[in-house]
There are 2 protein chains.
Amino acid sequence: MKRKITLKQIARELDVSISTVSKALRNSAEISEDTKQKVQAFAKLYNYKPNNIALSLKNRKTNTIGIIIPEIVHHFFSKVISGVETVANKRGYNVIIGLSNESFSKEVINMEMLANGSIDGFILSISKETLQLQDYHHFNETMSQGMPIVMFDRVVPDINCDKIIVDDFNGAKKAVAKLIKNGCETIAILTTKDYVSVGKLRTQGYLEALQENDITPEANLILKLDDTLDYEVHLDALETEIEQLFKLNPSVDGVFAVNELYALTAMKVARKLGLEIPKDIQVIGFTDGVLSKHATPSLTTVSQHAQQMGEKAAHLLIDKLESENEDEEEVYQTLVIETELIERESTK
Amino acid sequence: MKRKITLKQIARELDVSISTVSKALRNSAEISEDTKQKVQAFAKLYNYKPNNIALSLKNRKTNTIGIIIPEIVHHFFSKVISGVETVANKRGYNVIIGLSNESFSKEVINMEMLANGSIDGFILSISKETLQLQDYHHFNETMSQGMPIVMFDRVVPDINCDKIIVDDFNGAKKAVAKLIKNGCETIAILTTKDYVSVGKLRTQGYLEALQENDITPEANLILKLDDTLDYEVHLDALETEIEQLFKLNPSVDGVFAVNELYALTAMKVARKLGLEIPKDIQVIGFTDGVLSKHATPSLTTVSQHAQQMGEKAAHLLIDKLESENEDEEEVYQTLVIETELIERESTK
DNA sequence: TTGTACGCGTTATCAA
DNA sequence: TTGATAACGCGTACAA
């Protein structure tokens with residue numbers, strides 16, 4: 001088991017100095033052809049590769065991006081990672097991941113770990129608990145140490161940094177408008193509590209669409225689900241809530257759900273109550289994941305272009321990392337990714 | 001924008017030496033209470049944290065695990081990552097990810113990048129292209145440099161390292177036996193070409209179950225799908241192939257599919273042909289992902305305990321990293337994770 | 001009790 | 001054309 005070879009070892013073997021080896025390998029004009037040949041051949045033979053850690057220390061640059069997300073077993077987030085990874089690799093960066101598991105303390109700990117030299121900058125989406133607590137000190141501290149942050153999807157106005165967001169408002173509005181155009185007259189929304197920023201925005205889009213079409217919103221058609229509950233586990237609870245909504249409002253002929261799971265569950269409950277989709281009731285979800293595509297009937301959804309979000313986030317961060325403007329006024333941008341309505345079988 | 005503070009700066013500010021600061025912070029008995037207090041207070045004020053990169057270089061240990069997987073937008077793999085991450089964090093390690101995208105060259109490049117000092121060891125699952133080419137030199141080279149590898153799920157006997165595998169053979173066998181017990185007489189299998197090790201093993205399990213029940217396998221009930229094709233994209237092609245199978249063999253009353261997508265597509269085609277599930281035809285899949293759970297009807301599947309695989313892989317790797325036996329005979333183990341049949345609505 | 005020197009692997013600067 | 005030295009940030013053996 002031979003350890004990785006270093007400059008020092010090569011130098012010793014060839015009986016030259018370390019700096020000669022270093023220069024020879026970088027093809028410096030200072031070094032004679034002879035020596036270069038000799039050194040390069042030897043290095044190749046022993047498969048020399050410079051040690052990244054040493055380079056990081058010397059250059060005070062790790063060429064690594066840290067990404068903190070609430071949950072990886074989730075189509076949207078893994079798609080974003082995939083986008084980040086693609087761009088990062090192409091531009092010579094590695095990606096290191098931290099999972100907050102929707103927990104404030106894990107988010108803080110993870111960020112601290114990575115911020116101590118392991119990475120050059122963060123791409124992250126805020127955990128639900130952090131959103132609830134509204135404690136953002138760790139983000140501000142990190143940035144004040146000169147480490148840039150790009151936030152995506154779940155963001156808050158309170159924090160001054162680059163952001164990539166989905167046009168949740170218009171996405172929702174388009175979806176609901178579509179339902180109305182398709183003839184729906186009583187449209188319910190399945191959404192989250194308001195502290196989840198995207199849930200709130202989607203709810204606003206829903207209301208706006210109704211208003212533009214002179215439909216008066218009804219409080220009992222708006223179901224704000226408490227998603228601190230893990231509905232993957234408490235699926236029954238979710239079904240019960242939705243079933244009640246349907247029973248209390250038998251005239252519902254359209255449902256807009258702010259995520260896939262709510263939409264699928266709505267379809268399931270509807271079928272259970274003997275309703276046909278899309279004949280009796282039409283459904284549109286948000287987030288174009290595998291579930292929507294392979295559901296039966298397949299689900300019309302608002303696609304967020306998650307991959308693209310990841311790619312843009314990576315570009316934004318790397319651009320910032322590689323721009324020289326140490327002093328220049330910090331100017332932060334917010335990129336808005338437009339949504340796309342993907343029509344499938346759950347609408348007419 | 002204040003950069004992170006270092007020992008050197010603290011030393012300068014307090015007018016003591018660097019090593020005094022270092023020792024004071026580690027609460028060394030060598031240092032007087034007075035100095036300790038002073039230093040620790042100052043460090044706390046400026047939120048001093050040692051630089052990971054410097055520590056890595058010094059200790060020749062990064063406390064980071066590299067994980068290389070073919071694809072992250074995939075329930076199974078992201079679940080494994082989640083498992084790895086949980087254990088890694090608990091034991092003081094970070095996780096850095098590389099995606100091979102099922103490509104041999106990306107796998108090689110990614111591994112080389114990470115192997116140059118960025119990580120202490122690998123957890124990986126082999127890409128399809130690598131399996132096809134049967135070129136495993138990069139694994140062997142990495143290991144010969146003293147960097148341990150733990151492989152999971154997609155493994156090959158040719159490589160000598162720790163492995164975590166699913167009991168694909170018995171999982172498949174149990175599933176098919178279940179179909180037989182449920183009264184199926186003509187059972188088809190939707191599988192992959194044989195170079196995918198797990199596909200091959202699951203096919204063998206299928207055959208074994210038939211044999212034990214005195215059923216003669218029929219070649220035209222075994223559909224080996226070429227999964228170099230990305231069926232997420234070419235879903236139509238997949239449907240066509242399965243539809244042909246059904247049409248050519250109208251007596252089929254049971255289907256065993258080696259992954260979720262095949263299983264779901266089989267259900268879809270069956271319904272299209274007017275068959276009722278599970279009355280006319282029963283279906284079991286492999287891999288317990290979101291699709292199976294939320295399909296209609298929900299899919300009976302063989303669960304692989306992906307999270308657990310990740311956890312065990314992480315423990316295995318870290319144990320090896322932290323064991324002192326530099327010299328000791330390398331002894332590699334292969335852990336087999338038992339599968340579990342999760343019964344849902346697609347079987348009687 | 002405190003400080004000096006060294007090494008981890010690299011590169012850049014300057015001297016020989 | 002080559003080599004010695006310093007520096008990146010840290011911890012530790014050893015000297016003061």
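None of the values given here were measured: they were computed from a predicted structure. Only heavy atoms go into these numbers, but all of them, side chains included; no hydrogens, no water, no symmetry mates. Here is how names work: the chains are called A, B, and so on, in the same order as the sequence lines, proteins then strands, and each is numbered from 1.
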Under 3.5 Å donor-acceptor, A:E102 side chain and A:E71 backbone: no
With a 4.0 Å limit, can you tell me whether A:T35 has a side-chain N or O closer than that to the phosphate oxygens OP1/OP2 of D:dT2? yes
Indicate whether OP1 or OP2 belonging to C:dG9 is found under 4.0 Å from a side-chain N or O atom of B:R60. yes
Give each protein N/O atom lying under 3.5 Å from an N/O atom of nucleotides 14-16 of chain D, with the pair distance.
none

A:D319/A:K312 under salt bridge (charged side-chain N to carboxylate O under 4.0 Å, His left out): CA gap, chis, key distance, verdict: CA-CA 10 Å; A:D319 285 348; A:K312 293 215 168 155; over 6 Å; no
Measure the CE-NZ distance between A:M147 and A:K320 for me, rounded to the nearest 0.5 Å. 14.0 Å
Give me the residues of residues 47-58 of chain A where at least one heavy atom lies under 4.0 Å from an atom of DNA chain D, by number, or none. A:L57, A:K58
Tell me every residue that passes side-chain contact (heavy atoms from CB on, under 4.5 Å) with B:I109, counting only those two or more places apart in sequence or in another chain. none
Are there more than 12 heavy atoms of other residues, nucleotides or ligands under 6.0 Å from atom NZ of A:K49? yes
Quick one: OG1 on B:T62 to CG on A:N52, what's the gap to the nearest 0.5 Å? 10.5 Å
The helix from C:dT1-D:dA16 to C:dA16-D:dT1: angle between terminal helix axes, five bp per end, to the nearest 10 degrees, reads 70°
Write down the atom of B:L25, the atom of B:A43, and the distance for their closest heavy-atom approach. CD2-CB, 3.5 Å
Using a 4.0 Å heavy-atom cut-off, does B:L7 contact any base of the nucleic acid, only the sugar-phosphate backbone, or nothing at all? sugar-phosphate
Flag side-chain contact, heavy atom, 4.5 Å: A:I123 against A:I65: yes
Contact check, side chains of B:I81 and B:F77, non-hydrogen atoms, under 4.5 Å: no
Verify, without hydrogens or angle tests, whether A:S125 (side chain) and A:F152 (backbone) share a donor-acceptor contact under 3.5 angstrom. yes
According to the ring pair (Phe, Tyr, Trp, His ring centres under 6.0 Å) rule, which pairs have a member within residues 14-36 of chain A, sequence neighbours left out? none
Aromatic plane relationship, A:H74 with A:F76 - under 30° parallel, 30 to 60° tilted, over 60° perpendicular: perpendicular
Counting only heavy atoms and a strict 4.0 angstrom limit, can you tell me which residues of residues 14-22 of chain B come near DNA chain C? B:V16, B:S17, B:S19, B:T20
Checking B:N94 side chain against B:T64 main chain: does a donor-acceptor pair fall under 3.5 Å? no
